[in-house]
Protein chains: 2
Amino acid sequence: MPVSIQDVADHANVSISTVSRVLNRRNIVNEATRKRVESAIKELGYRPNVFARGLMLRRSHILGLVLPDLHGEFYSEIIRGANARARELGYRLMISSVAADDDGSELMATVADQALVDGVAVMVSEVDARTKATLSDVKLPLVVLDGEVKGVRHDSVVIDQRMGVAALLKHLIDNCGAQRLVFVGGQPTNVDTIERLAAFQEAAAEGGVSIESSDVFHLDYRYDTAFDLGQKKVREWARRRVSVFAANDEMAAGIIDAAIDAGLSLPGELPVVGFDDTRIAAMTRPRLTTVHVPMSSMGASAVELLCQRLEDPTRPATKITLQSELIVRESCGVHANPS
Amino acid sequence: MPVSIQDVADHANVSISTVSRVLNRRNIVNEATRKRVESAIKELGYRPNVFARGLMLRRSHILGLVLPDLHGEFYSEIIRGANARARELGYRLMISSVAADDDGSELMATVADQALVDGVAVMVSEVDARTKATLSDVKLPLVVLDGEVKGVRHDSVVIDQRMGVAALLKHLIDNCGAQRLVFVGGQPTNVDTIERLAAFQEAAAEGGVSIESSDVFHLDYRYDTAFDLGQKKVREWARRRVSVFAANDEMAAGIIDAAIDAGLSLPGELPVVGFDDTRIAAMTRPRLTTVHVPMSSMGASAVELLCQRLEDPTRPATKITLQSELIVRESCGVHANPS
DNA sequence: TCATGCTCTGAAAGCGCTGTCAAACACTCG
DNA sequence: CGAGTGTTTGACAGCGCTTTCAGAGCATGA
């Protein structure tokens, strides 16, 4: 049923070699013959068979994108950015997600798709030994998003979270007069949490604020759990005049809502800031002061990097650092942008 | 470099035919030989070449998923559901998005990938002539999500929105005493808007409430525009004692926030309900009364349908109808669940 | 006139796999 | 003991494509 290169050749009265040549724009094919072949292609609606081509070229023009989970806006933005750039560069995207509680088999399975994809971009939420082992089995161009896997050769796209956290805390301390800080993050093994917490502690120290370990909370990045925590804690926090740093907007929203439900007046009695600058950030009341993380750029850069390595496999490992940016809204207690 | 079937054959001292046979679990291979081959496979870490296989079998085990846009939770939930089910059934997912303002070329491009995927699931936000033409070019198993394209043979997954809208309006009218209704939807050409508006008008009529055409607003499903509209309208709406039906949660959130900013007391002065039951619905204050739409089931069902048709291409066109469900929270003005 | 070089084209060899077909072998039965 | 049956295996022909490699056709200069 589907029209093959042979059909085109017959139709244009040439051999399949010639058709293949005009298809690949290589070797100069005689002007007249080329036109003939091209019109035959158009006429028959011919499309080269991807498999036959892949079999010969060892190239599928498919890129794999593996995300920790498909929940939430954060990841869908990455997909969006990656998808758009892939399209532009003539690639397609194969997406899979690895559940947080996955035993590694999911990642394995995707990596097993190596036969199919030309390269893989992976975002891992936790770098354990198994993940590392799996990743080091990847023989293809590999891009790691928002992290680094030591001992495994890969390009990477990272967010400069330190800068964002630093700017945020500086704003909180210098402009909003924060004197006590609470950190609400994900699990201690989560790479983002690790980095954000480290940056948080560093920036707090720099600002002359010391953090008590009882003021560091490890949740799961979700609204509900943050809301629950908030219900227990907001009064105490307000009394102690702390400012809350949540490692993502959703948790910040949960805490804000818990505080409002508790009758607190925000931001006055409890400044809360978030991270990521997802759409939720503009939907809370007070609206969230947060750090904008260029999610879709991340996806796009990953694709970009993959394609570059595909073209030049020998280039040294590259790392793209994306800047995060402080977005001041109302939840931190100060309305004007810091000078 | 990659190990081929020949390597396995050599290693196990059999012919490639035998290896192929144990791979495909067909024809009975002698127990002992099979074990030998299997251990050779494991030892060499052999994985069949997807392209060679695809070339022979005309099957890629890849499913295409085309969404109108990758923004927002709605779509990411569909992806999640589809991805999970695809994995279970041994398929992979290739995702692409068609921007709302796309000229059709994106859809075209994806459909052109037919050579690659075994089937396509498409969600279209507007069914115009071009879309229809493109879709009727699809020679593969086709599933249309949340819509129907007349004249094109396809299976479909639809949400029974009528039931949801009816239940919602009944609740609003009977239990919350709504007497005037406002509809805030997407553009008039949008399939969801068309359906929700029709169901809305029908259910309103049934409840004895007439809708003035000036009370029907066509926006774009986004928080910001709804917020803007709200800023202009909430006082008037409150004065007229209307209840607002927004065609998705984000717009409902925008209107609620505008109302609160305007100093209105909610839900008392302005009941607002949403649709979809995304995570936002639990984040507004008052929390949204809305209609739960099983988004991830939609994705899963689409994959399911695709696989079924792949197995039996002759079965009659199938339509899976997913139920939507009324979720009563506070924004409608009544806290208790209706009896 | 013939060797030489150039441009363009076709034949054919795979890429790694599946599936058909027939061969090899071991039995069983008359 | 030969024919018939069943089980297990290998040889080989493609699937649709790219890519050598060689040959055909033609013009050029000695």
Side-chain angles (χ1 to χ4, degrees), chain A residues 1-41 44-62 90 112-118 139-140 310, chain B residues 1-38 40-41 44-62 90 112-118 139 310:
Chain A
M1 180 69 200
V3 18
S4 80
I5 197 170
Q6 184 66 63
D7 301 325
V8 178
D10 291 350
H11 200 268
N13 252 307
V14 293
S15 73
I16 59 166
S17 319
T18 304
V19 179
S20 173
R21 269 188 285 260
V22 348
L23 242 33
N24 298 290
R25 308 245 174 269
R26 291 156 52 70
N27 306 35
I28 315 95
V29 175
N30 182 289
E31 184 72 14
T33 334
R34 212 195 65 215
K35 289 244 164 92
R36 203 143 36 88
V37 171
E38 274 167 353
S39 70
I41 290 179
L44 298 175
Y46 168 71
R47 312 206 124 265
N49 180 302
V50 189
F51 298 107
R53 205 171 226 181
L55 187 53
M56 278 303 296
L57 267 28
R58 269 108 227 299
R59 277 289 197 96
S60 63
H61 281 254
I62 302 178
D113 280 349
Q114 283 185 65
L116 182 66
V117 298
D118 291 344
K139 307 287 184 230
L140 301 170
L310 246 20
Chain B
M1 181 63 199
V3 19
S4 81
I5 196 171
Q6 184 67 63
D7 301 326
V8 179
D10 292 350
H11 200 268
N13 253 308
V14 293
S15 75
I16 58 167
S17 316
T18 303
V19 179
S20 173
R21 268 188 286 261
V22 349
L23 243 31
N24 297 288
R25 307 245 174 269
R26 291 158 51 70
N27 304 37
I28 315 96
V29 175
N30 183 288
E31 184 73 15
T33 339
R34 212 195 65 216
K35 290 245 165 88
R36 200 143 37 88
V37 172
E38 274 167 353
I41 289 179
L44 298 174
Y46 167 73
R47 315 209 120 262
N49 180 303
V50 189
F51 299 108
R53 206 171 224 182
L55 188 53
M56 278 302 295
L57 267 27
R58 266 104 231 299
R59 277 291 196 93
S60 63
H61 281 252
I62 302 178
D113 281 347
Q114 284 186 63
L116 182 65
V117 298
D118 291 345
K139 307 289 184 226
L310 247 21

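Proteins get letters first, then strands, A, B, ... in listed order; numbering begins at 1 in each. What you see is a predicted model, and the numbers here were worked out from it, not measured in a lab.
You'll find the side chain of Lys139(B) stays beyond 4.5 Å of the side chain of Pro2(A), heavy atoms only. Taking the side chain as every heavy atom from C-beta outward, Asn24(A) and Arg53(A) approach each other to under 4.5 Å. Within the 4.5 Å cutoff, the side chain of Thr33(A) has heavy atoms near those of the Thr18(A) side chain.
The CD atom of Glu38(B) lies 13.5 Å from the OH atom of Tyr46(B); values are rounded to the nearest 0.5 Å. Between atom CG of residue Leu23(A) and atom CZ of residue Arg34(A) there is a gap of 12.5 Å, rounded to the nearest 0.5 Å.
The bend of the helix from dT1(C)-dA30(D) to dG30(C)-dC1(D), defined by the angle between the axes of its first five and last five pairs, stands at 70° to the nearest 10°.
A close approach under 4.0 Å does occur between a side-chain nitrogen or oxygen of Arg53(A) and OP1 or OP2 of dT18(D). Phosphate contact (OP1/OP2 of dC17(C), side-chain N/O of Ser20(B), threshold under 4.0 Å): absent. Residue Asn49(B) has no polar side-chain atom (N or O) positioned under 4.0 Å from OP1 or OP2 of dC17(C).
Between Glu31(B) atom CD and dT7(D) atom C1' there is a gap of 14 Å when expressed in whole angstrom units. Atom pair Leu116(B):CG and dG16(D):C1' shows a separation of 15 Å (rounding to whole Å applied). The CG atom of Leu23(B) sits 8 Å away from the P atom of dC17(C) (whole-angstrom rounding). One can place CD1 of Ile5(A) at 14 Å from C1' of dA11(C), the figure rounded to the nearest angstrom. Atom-to-atom, CG of Asp7(B) to C1' of dC17(C) comes out at 13 Å; the value is rounded to the nearest Å. What separates CG of Asn30(A) from P of dC26(D) is a distance of 13 Å, to the nearest Å. One atom, CZ of Arg21(B), and another, P of dT7(D), lie 14 Å apart when rounded to the nearest Å. Atom C1' of nucleotide dG16(D) and atom CZ of Arg59(B) are separated by 19 Å, given to the nearest angstrom.
DNA chain D is contacted by both Leu55(B) and Ser17(B); Ser17(B) maps to the nucleotide lying nearer its 5′ end (nearest heavy atom per residue). Residue whose closest nucleotide on DNA chain C sits further toward the 5' end, between Arg36(A) and Ile16(A): Arg36(A).
A donor and an acceptor atom never sit less than 3.5 Å apart when one is taken from the side chain of Arg58(B) and the other from the base of dG16(D).
In plain terms, the two heavy atoms of Ser15(B) and Ala9(B) that are nearest each other are C-CB, 3.7 Å.
Using a 4.0 Å heavy-atom cutoff across all strands shown, Leu57(A) reaches sugar-phosphate atoms only and no base atom. Using a 4.0 Å heavy-atom cutoff across all strands shown, Thr18(A) reaches sugar-phosphate atoms only and no base atom.
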With side chain to side chain contact (heavy atoms under 4.5 Å, CB included) as the criterion, how do Val22(A) and Val14(A) come out once you've worked through the C-alpha distance, each side chain's angles and the decisive distance to 0.1 Å?
CA-CA 11 Å; Val22(A) 348; Val14(A) 293; over 6 Å; no
